[in-house]
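One structure is given here, and the rest of the page talks about it.
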2 protein chains.
Amino acid sequence: MGAEGHADGTVGKALDVLDMVARHGRPVRFSDLLAQADYPKATLYRLLQTLTHQGMLTLDPDQGTYALGVRLVRLAHAAWAQSSLAPIARPYLDELAEKTGETIHLAQMDLGQVLYVDKRNAAKPVEMFAQAGKVGPAYCTGVGKAMMAWLSPEALEQVIARQSFLRHTDQTLDTPEKLVAELQAIRARGHAFDREEHEQGIICCAVPILSRSGRVLGALSVTSTTARTTLEALEGQAGLIKDIAAKIAAEAESWRFPEQN
Amino acid sequence: MGAEGHADGTVGKALDVLDMVARHGRPVRFSDLLAQADYPKATLYRLLQTLTHQGMLTLDPDQGTYALGVRLVRLAHAAWAQSSLAPIARPYLDELAEKTGETIHLAQMDLGQVLYVDKRNAAKPVEMFAQAGKVGPAYCTGVGKAMMAWLSPEALEQVIARQSFLRHTDQTLDTPEKLVAELQAIRARGHAFDREEHEQGIICCAVPILSRSGRVLGALSVTSTTARTTLEALEGQAGLIKDIAAKIAAEAESWRFPEQN
DNA sequence: CGTTTGGTTCCATTATTTGAAACTTAGTCT
DNA sequence: AGACTAAGTTTCAAATAATGGAACCAAACG
């Protein structure tokens, strides 16, 4: 509801509607949307019509329900391929997955949330959008904390303001104060841990991917379970993870314009 | 460029700009976009600003270039997960890939183009250009023809109008007439072939995925190379592919509302 | 068969978008 | 340096597109 705040212009409203449909996670009727949008009936109607006409939504004529359109998938493919991190990082993720035998995550920051842009499963092969595109909280994940720890003070403040600080497990850092203290430790140490803060039994070691100028590009993590390994063992991989992160950063930096290399 | 035609309203224009950035495939400067858009400077400028502010684009401040934003990846994940086909089809694609040992494609129709929504690579990867989110032509691919063959006359007309009929190989059906004749044969036969019409040496057998009411939901194909197999051998799999397509269709139909969370 | 619910269209009002032109940098050349 | 140029940003009155209250239509309901 009030969560969205300032939707600038018509475009903002349209995108807001798009998000609303996305959030539902399944086809929605006009009235469902009307109930939770605070746009007047006619406005919402025309917005939906425009988006549908544009292929961003599809209207199932039988059910009278709207769902996200395929045009988005096409756009996202382009987004993924052209974001400087994900496509470059691919071979490095493979390498890291093979060397560690664990699950690898590559994440970026998106409005205070962690957005997973790629993943390697311990056993299974690449699954494009099934995994990439998922979002998670920043304050209780390894990649989230790794990125936050190297954010500028202003940026960090904004991100912290967007955290829910829900107590997912009894290890969860559930206040901004605890988190800030942890971030300091992470910066000093050079890598972040997830000590079962998000899910019971899931631990990870994460490092940031930084540009030469120190800007946070993303984060890389190796995830495992307490059943299979320990934090200490994971920390043993920290050097390797950092090396890979550095390689990704270096290549991301030099890759900017493929035509002029 | 007359190509875009009717961009209805501001939203349409904004999405048009988004597509323009996507088409470039790499970060673009303002002036690059200005050169090929026929929007006036100020208009384009504000459009870009809005999109950037909305997270659909990101502006690299150092380079002064725009690229697609991560918000799109997030939206696309939702789009992928909520399109009735792709997530449902996943286990079936695995099954088909395992049974045939060949490359599997799952595609949907997007404005006259084929949009690949999922893929399984053969053990020996046939290096083709398709991955989830990628698009391809409809008139010279197995999945494209399989879907077209079951489209309503009106829908088919629209799709045909959007084909380029470029002669990719000397097998390519390069006129609407040849294509329409082929579609009739496909409908009669129940499955479509790609006889090296798009890429030399690449062949496939494709079937449509149809809803109970006969609407085209997508298409499923098994792709291989002339080096490894023959069309006749592929046709031997047609029954299997059809069975799988039918299973996917059935589940898609019954799945409409997966009550979750 | 009257009523409710869900969706679509009207249309005068209003606010937003528009785009030529002016302006500001930042970069290049002489 | 100073003069020129290219690239990006801002202005402002005019034009246009979005708005939303209300009327309308069509099923489904009781």
Side-chain angles (χ1 to χ4, degrees), chain A residues 1-2 4-21 23-24 26-69 213 256-257 259-260, chain B residues 1-2 4-21 23-24 26-69 213 256-257:
Chain A
M1 315 267 159
E4 295 319 323
H6 48 82
D8 51 356
T10 316
V11 179
K13 282 173 208 166
L15 295 176
D16 181 28
V17 169
L18 213 57
D19 261 348
M20 220 150 68
V21 176
R23 219 171 297 131
H24 261 82
R26 59 189 166 94
V28 265
R29 264 185 302 281
F30 173 75
S31 50
D32 296 331
L33 291 169
L34 185 59
Q36 72 184 242
D38 37 26
Y39 302 119
K41 222 181 183 186
T43 302
L44 179 66
Y45 181 71
R46 263 174 294 105
L47 243 30
L48 285 169
Q49 221 175 229
T50 304
L51 286 169
T52 303
H53 183 67
Q54 289 292 326
M56 300 297 277
L57 294 176
T58 48
L59 172 60
D60 181 333
D62 308 330
Q63 311 272 321
T65 56
Y66 294 91
L68 296 180
S213 64
R256 296 242 111 110
F257 291 101
E259 65 174 3
Q260 61 177 230
Chain B
M1 319 280 118
E4 296 317 324
H6 47 83
D8 53 352
T10 316
V11 179
K13 283 172 204 161
L15 295 176
D16 182 28
V17 169
L18 213 58
D19 260 349
M20 219 151 67
V21 176
R23 219 170 297 130
H24 262 81
R26 59 186 166 92
V28 265
R29 266 185 300 283
F30 174 76
S31 49
D32 296 331
L33 291 169
L34 185 59
Q36 72 183 243
D38 38 22
Y39 301 118
K41 223 182 186 185
T43 301
L44 179 64
Y45 182 71
R46 266 172 294 103
L47 242 30
L48 285 169
Q49 224 175 229
T50 304
L51 286 169
T52 304
H53 182 67
Q54 289 292 326
M56 301 297 278
L57 293 176
T58 47
L59 171 60
D60 181 333
D62 308 329
Q63 311 272 324
T65 56
Y66 294 89
L68 296 180
S213 64
R256 296 244 111 108
F257 294 101

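By convention in this document, chain letters (A, B, ...) are assigned in the order of the sequence lines, proteins followed by strands, and residues within each chain are numbered from 1.
Summarising the geometry, atom CE belonging to Met20(B) is positioned 7.5 Å from atom CZ belonging to Arg23(B); distances are rounded to the nearest 0.5 Å. For the atom pair NE2 (His53(A)) and CG (Leu48(A)), the distance works out to 14.5 Å, reported to the nearest 0.5 Å.
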Report task. Classify every nucleotide of nucleotides 15-23 of chain D by which part a protein heavy atom approaches to under 4.0 Å, writing B for the base, S for the sugar-phosphate alone and - for neither, in 5'-to-3' order. Result -> --SSBBB--
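Residue Tyr45(B) has a polar side-chain atom (N or O) positioned under 4.0 Å from OP1 or OP2 of dT9(D). For dT9(C), one of the phosphate oxygens OP1 or OP2 lies less than 4.0 angstrom from a side-chain nitrogen or oxygen of Gln49(A).
For the pair Leu59(A) CG and dG7(C) P, the interatomic distance rounds to 10 Å; values are reported in whole Å. Going from atom CZ of Arg29(B) over to atom P of dT9(D) covers 13 Å, rounded to whole Å. Tyr66(A) places its OH atom 15 Å from the P atom of dG6(C), with the value rounded to the nearest Å. Regarding Leu34(A), its CG atom lies at a distance of 14 Å from the P atom of dT5(C), rounded to whole Å.
The shortest distance between side-chain heavy atoms of Leu18(B) and Leu15(B) falls below 4.5 Å. At a threshold of 4.5 Å between non-hydrogen side-chain atoms, the residues Tyr45(A) and Leu34(A) do not count as touching.
For Thr50(A), the side-chain contact (heavy atoms from CB on, under 4.5 Å) criterion is met by Gln54(A), Asp8(B), Val11(B), not counting sequence neighbours. By the side-chain contact (heavy atoms from CB on, under 4.5 Å) test, Thr52(A) pairs with Leu57(A), Leu59(A), Tyr66(A), sequence neighbours left out.
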